[in-house]
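The structure appears right after this line, and notes come after that.
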Amino acid sequence: MRRIHHVGIVVNRLAEAYGFYRDTLGLPLLREASLPAQGVRAALLAAGESEIELLEPLAPASGVGRFLARRGEGLHHLCFDTADVDAALGDLGRRGVELIDTAPRAGLAGRVAFLHPRACAGVLVELATPEDGDAGRAAPLQLKRLVIGARAPRETVGVFQSLFGLPEVTINGGPRTMLGIGQNALLVVPASEVGGTEGMVALSLVAENFATLTDACDRAGVKHLRGTGEITIEPVSSHGVHLHISRYRFP
Ligand code: CO
């Protein structure tokens, strides 16, 4: 797995979600299309090495429509960029990993396939082999890390290491573990630290220009808590996503 290709967020309406993600945060819209096979209208926005995918259900009975009815807006799936999705899927299938797609299909990110969340500690994982020349559009915010809540953190870390070969980048002896992927990371934390939530719980981004970002949030009336080097957007303003945006890439 070369990088986090994107993180998928389910929203009620793309047009409303653009108001925050494109207009307030300033993430460039790369493309938007209906994908009837997946029951969604989807959009990809640039966020550094990775992208953010917004998903609006085409019908309430679709998978994403049912997710929206049950859970509300919020984080939905994680997509890894892989050079050869056919080979990766074949390898996972031979290892007995539970798959949603046994063969790749056309998606917004290229040729894509989904693994079953049961195979990945409650996280819905998509694999994608993008079209050539697709990466690297400049954006004022870059995806930094995705936080995953786990009831058994060491087991979850083991699953991600074994399925996707992600190296552990920080070993601090504590209950939190960081797994590197491209320039980004997955941070696995005990579910008890994040209100008992298992699976994807929060997203961290880095702002190129922090003052511009905080001004834009103020102008748009975005609800957020502000520290000296970080703001936390309240999910009511970010379509259900716990979003941390920091001034610095490290720590
Ligand atoms: Co996706």
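Small disclaimer: the values here were computed from a predicted structure and weren't measured. Indexing begins at 1, ligand by ligand and atom by atom, following the structure's order. Just the heavy atoms: all of them, side chains too, but no hydrogens, waters or symmetry mates, feed the values below.
Under 2.8 Å from the Co ion (ligand 1) lies no N/O/S atom of H5, from backbone or side chain alike. When distances to the Co ion (ligand 1) are checked against a cut-off of 2.8 Å, H6 contributes an N, O or S atom below that limit.
A salt bridge does not link R219 with D215: none of the charged nitrogens is closer than 4.0 Å to a carboxylate oxygen. With salt bridges taken as basic N to acidic carboxylate O contacts below 4.0 Å, none links E49 and R3. The pair R154-E168 meets the salt-bridge criterion, with a side-chain N (NZ, NE, NH1 or NH2) lying under 4.0 Å from an Asp/Glu carboxylate O.
If you put the vertex on the Co ion (ligand 1), NE2 of H77 and OE1 of E126 sit 90° apart, to the nearest 10°.
To the nearest 0.5 Å, atom CG of residue L124 and atom CG of residue L78 are 9.0 Å apart.
The closest approach of E53 to the Co ion (ligand 1), by N/O/S atoms, is made by OE1.
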